Novice: 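Got a structure here, written out as structure tokens. Questions coming.
This structure is a prediction, so every number in the text was calculated from the model and none was measured. Order of appearance sets the numbers: ligands from 1, and atoms from 1 within every ligand.
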Amino acid sequence: MKLSVLLLAQTFWSLSAIALPNPSPAPIPEDAESLDLSNTTIPDELTSDPLYGAPDNDFSCKSERNPVVLLHGLSADREVDLNMLQWELNKRGYCTFSMTYGAWDLVPWIGGLRNMTDSAKDIADFIREVKDKTGAAKVDIVGHSEGGVQAIYVPMTQDGISDIVERLVALGPAIHGAEYLGVTDLWYIGGEATRSIAKLVQNLIGCPACDDMMTGGKVYYDFKNADKIVQPGNKATIIMSNSDVLVKTEVSRIDEPGVNNVIVQDTCPDDIVGHAGLMWDKSVWRLVVNALEENNDVVFPCEVGLPV
Ligand SMILES: *[C@@H]1O[C@H](CO)[C@@H](O)[C@H](O)[C@H]1NC(C)=O
Ligand SMILES: *[C@@H]1O[C@H](CO)[C@@H](O)[C@H](O)[C@H]1NC(C)=O
């Protein structure tokens, strides 16, 4: 069967709550036949979505501010998760860089699945590349979900990285043990068909990263056993929503001196944004910009994000 993707976000011009993609769970095909593993070309319907696509990595970009590396979540990729925030940061004068990490070779557009130790090394290499090629003294990192975990995990575990990163911003990271309601829940752009594909790839090829982050997994224990999760000199901000049912605030927050634990509803009480919605919500973008600029200006009015 041909891969086909529903285009649910045609009119999603403002990224506002007016035109939410359908948040109902994807029907998961049980048979492998519905995914043709001989042709896992990225579906046109996905790439033509207005929410698809990140800026190219332009190493000649110049900015007064640290370059920012953006890290997508589980089963997403650089083109579909923090890509809209990346365009916004570019408009604000930031040089931004992103990569798809943790994808299986067979399906390079579904990232974050391979084990997080391997991905952490790849991300560390990318951070070094960004620092070297831009000539910047330090790099900032913004990650969502699994990418938020990696924003904290990479400086903690990879040699030399904590020395070359400064601000770490994690949106809804599962630091203290995730419980999965379904890893494919992040796929809202392609709708149910895309989520079905992601789920099948996970079932057929595997998701070691899912095990790593789960309570009792490798990453869970690495954090639990760490003397200090956030390394000296690094400024970490954890951004969480009280309406995130996938990764609850107590799973995300890091109670160490100097860590800024921020709840969306403290500044935007009416925002019922959920886990996936953190990536597109301007209430959250404001908190991200504030973390990068170390201020509390209102750079966006409050928005009501996706409740999913
Ligand atoms: C693979 O799928 C894409 C998208 O459905 C299609 O355009 C392409 O022709 C297919 N390639 C092969 C070799 O079947
Ligand atoms: C991660 O996967 C690689 C293979 O890609 C393997 O060599 C390595 O042992 C795995 N590491 C962990 C901690 O699971």
Side-chain angles (χ1 to χ4, degrees), residues 32 35 37-42 57 69-81 97-130 141 143-165 168 170 172-187 197-231 234 236 246-247 251-252 254:
L35 178 65
L37 285 177
S38 67
N39 181 8
T40 47
T41 311
I42 188 161
N57 292 325
V69 167
L70 293 113
L71 299 174
H72 62 79
L74 190 58
S75 88
D77 68 31
R78 78 177 284 272
E79 313 286 354
V80 300
D81 185 333
F97 302 89
S98 58
M99 68 181 296
T100 296
Y101 66 85
W104 300 112
D105 290 344
L106 207 49
V107 195
W109 53 278
I110 299 180
L113 300 178
R114 285 171 39 226
N115 76 45
M116 290 177 69
T117 308
D118 274 5
S119 290
K121 290 182 188 137
D122 294 344
I123 292 166
D125 286 344
F126 185 68
I127 292 168
R128 288 186 199 101
E129 182 185 5
V130 168
I141 312 178
H144 175 218
S145 192
E146 182 187 358
V149 173
Q150 288 283 21
I152 308 292
Y153 189 67
V154 170
M156 187 180 93
T157 58
Q158 303 300 303
D159 276 351
I161 296 299
S162 67
D163 296 333
I164 63 168
V165 296
L168 314 174
I175 302 284
H176 310 292
E179 290 176 37
Y180 290 100
L181 304 178
V183 304
T184 52
D185 285 4
L186 278 182
W187 276 100
I197 295 165
K199 182 71 182 170
L200 262 177
V201 167
Q202 183 203 335
N203 289 348
L204 294 176
I205 319 183
C207 178
C210 301
D211 299 336
D212 286 342
M213 273 189 296
M214 233 174 313
T215 305
K218 174 164 184 4
V219 169
Y220 165 84
Y221 274 119
D222 286 348
F223 282 131
K224 197 175 160 68
N225 296 331
D227 291 337
K228 221 170 168 302
I229 291 176
V230 176
Q231 303 307 295
N234 293 170
L246 196 59
V247 179
V251 173
S252 289
I254 299 177

Novice: Which value, rounded to the nearest 0.5 Å, describes the distance between Leu70 atom CG and His144 atom NE2?
Specialist: 12.0 Å
Novice: Which parts of the protein, at residue level, reach under 4.0 Å of ligand 2 through a heavy atom?
Specialist: Asn115, Thr117, Asp118, Lys218
Novice: So do the side chains of Leu168 and Pro155 get within less than 4.5 Å of each other, counting heavy atoms only?
Specialist: yes
Novice: Side chains of residues 110-125: which donor-acceptor pairs under 3.5 Å do they make with residues two or more places apart or in other chains?
Specialist:
| unit_1 | atom_1 | unit_2 | atom_2 | d |
| --- | --- | --- | --- | --- |
| Asn115 | OD1 | Thr117 | N | 3.3 |
| Asn115 | OD1 | Asp118 | N | 2.8 |
| Asp125 | OD1 | Arg128 | NH1 | 2.9 |

Novice: Enter the distance from Phe97:CZ to Leu71:CG here, rounded to the nearest 0.5 Å.
Specialist: 13.5 Å
Novice: Lys218: what forms a salt bridge (charged side-chain N to carboxylate O under 4.0 Å, His left out) with it, not counting sequence neighbours?
Specialist: Asp222
Novice: For Phe223, which residues count as a ring-ring contact (aromatic ring centres under 6.0 Å, His included) partner, sequence neighbours excluded?
Specialist: Tyr153
